[in-house]
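Report on the structure given below.
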Protein chains: 2
Amino acid sequence: MRKKEHKECTSALLPVRDTLDIIGGKWKLLILISIWEGNKHFREIERSIPKLSTKVLSKELKDLEENQLITRTVINGFPVRTKYMPTEHSKTLEKVIFELHNWGVHHRKKIFGNKSSNSSVSV
Amino acid sequence: MRKKEHKECTSALLPVRDTLDIIGGKWKLLILISIWEGNKHFREIERSIPKLSTKVLSKELKDLEENQLITRTVINGFPVRTKYMPTEHSKTLEKVIFELHNWGVHHRKKIFGNKSSNSSVSV
DNA sequence: CGGAATCCCATGAGATACTG
DNA sequence: CAGTATCTCATGGGATTCCG
């Protein structure tokens, strides 16, 4: 699941690293959210996220599936169709994302003062 | 602060991205924690984190300083000495880290069943 | 000591083409 | 449609050296 480096580090940090590795990539959350929003098929997801290439999407979907955040189902014969669905487990991420969001907003205020406070909290 | 790509994406996600960019790197949290633990000087921090090179540490410290998570003070003339200290603002990250930790532990259980549940929650 | 500069390689990721 | 394969290039980051 994770690359096996720096095992030595503060062991309490390991679960934090796991989480960051799982949701921290450039695309992971975008893809997950796209699926949460109802996009189910490969091309559908791909089209919903600008700049995302098939290669990367393919890899990211595998990662998400390995981590049981989505399920992958092959539907029928020809042409092949697959369906990606979010798992119940993926819902447990919402709280984490909420905190990340929260801190991001808090941090922006801290850094920039009070402009651009127009962003919804819903994920 | 962030690379200016994919502005188009779900705007509620932007603060999340900010947060992830700030703490998400390979070293950021390790360095921050090292400083929290009391390491103050460049070499001191470097030595406390295996495999960390001066170049990377130098860059990461700048990032952390830009984001007002640490302060940098030059102490005296020769040889030069600097002091890095955590800011109050950095403390607001603890909740986020706690949630990341929490989910990581939860996730490990989900994936692996119940082994290796020996990690303290303190960060 | 605290870094900056340089060199170099591994990886990440975009574009395109191709297959079942 | 759902991916895989290949090629290529940018970047991240490791090792080492050097300077004030």
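The shown structure was predicted, so the numbers you read here are calculated from the model rather than taken from an experiment.
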Worksheet entry | A/His106/A/His101 aromatic ring centres below 6.0 Å | no
Fill in: Nearest-angstrom distance from the residue atom NZ of A/Lys55 to P of D/dT6
12 Å
Worksheet item: Nearest nucleotide by nearest heavy atom, which residue falls closer to the 5' end of DNA chain D, B/Arg43 or B/Ser53?
Response: B/Ser53
Practice prompt. Flag the pair A/Glu65 and A/Lys62 as a salt bridge only when some basic side-chain nitrogen lies within less than 4.0 angstrom of an acidic carboxylate oxygen.
Written response: no
Discussion item. OP1 or OP2 of C/dC1 versus the side-chain N and O atoms of B/His41: is any pair under 4.0 Å?
Written reply: no
Worksheet entry | Any donor-acceptor N/O pair, A/Ser90 side chain to A/Ile70 backbone, under 3.5 Å | no
Practice prompt. For the side chain of B/Val56, starting at C-beta, report the closest nucleotide among D/dG14, D/dC1, D/dG20.
Written response: D/dG14
Discussion item. If the cut-off is 4.0 Å, is A/Thr54 near the phosphate of D/dA2, judged by side-chain N/O to OP1 or OP2?
Written reply: no
Discussion item. From CG of B/Leu61 over to P of D/dG13, roughly how many Å is that when rounded to an integer?
Written reply: 14 Å
Fill in: Length of the CD1-C1' vector between B/Ile75 and C/dC1, whole Å
11 Å
Practice prompt. May I have the distance from A/Lys40 (atom NZ) to D/dG3 (atom C1'), rounded to whole angstrom?
Written response: 20 Å
Discussion item. Less than 4.0 angstrom between a side-chain N/O of A/Tyr84 and OP1 or OP2 of D/dG3, yes or no?
Written reply: yes
Worksheet item: Rounded to the nearest 0.5 Å, how far apart are CZ of A/Phe98 and CG of A/Leu93?
Response: 14.5 Å
Worksheet item: Does B/Lys83 have a side-chain nitrogen or oxygen under 4.0 Å from the phosphate oxygens OP1 or OP2 of C/dC1?
Response: no
Practice prompt. Quickly work out the A/Ile31 CD1 to C/dA13 C1' distance and round it to whole Å.
Written response: 13 Å
Worksheet item: Do NZ/NE/NH1/NH2 and the carboxylate oxygens of A/Lys91 and A/Glu88 come within less than 4.0 Å?
Response: no
Worksheet item: Quick one: is D/dG3 close enough that its OP1 or OP2 comes under 4.0 Å of any side-chain N or O from A/Arg72?
Response: yes
Fill in: Separation of atom NZ in A/Lys59 from atom P in C/dA13, rounded to whole Å
7 Å
Practice prompt. Look at all strands and tell whether B/Ser58 reaches a base, only sugar-phosphate, or nothing, counting heavy atoms closer than 4.0 Å.
Written response: sugar-phosphate
Worksheet item: Below 4.0 angstrom from OP1 or OP2 of D/dG3, is there any side-chain N or O of A/Arg81?
Response: no
Practice prompt. Take atom CZ of B/Phe42 and atom P of D/dG20, then tell me their distance rounded to the nearest Å.
Written response: 18 Å
Worksheet item: Is there a side-chain polar atom (N or O) of A/Thr82 under 4.0 Å from OP1 or OP2 of D/dC1?
Response: no
Worksheet item: Rounded to the nearest Å, what distance is computed from the CD atom of residue B/Glu60 to the P atom of nucleotide C/dG2?
Response: 18 Å
Discussion item. With a 4.0 Å limit, can you tell me whether A/Lys26 has a side-chain N or O closer than that to the phosphate oxygens OP1/OP2 of D/dG12?
Written reply: no
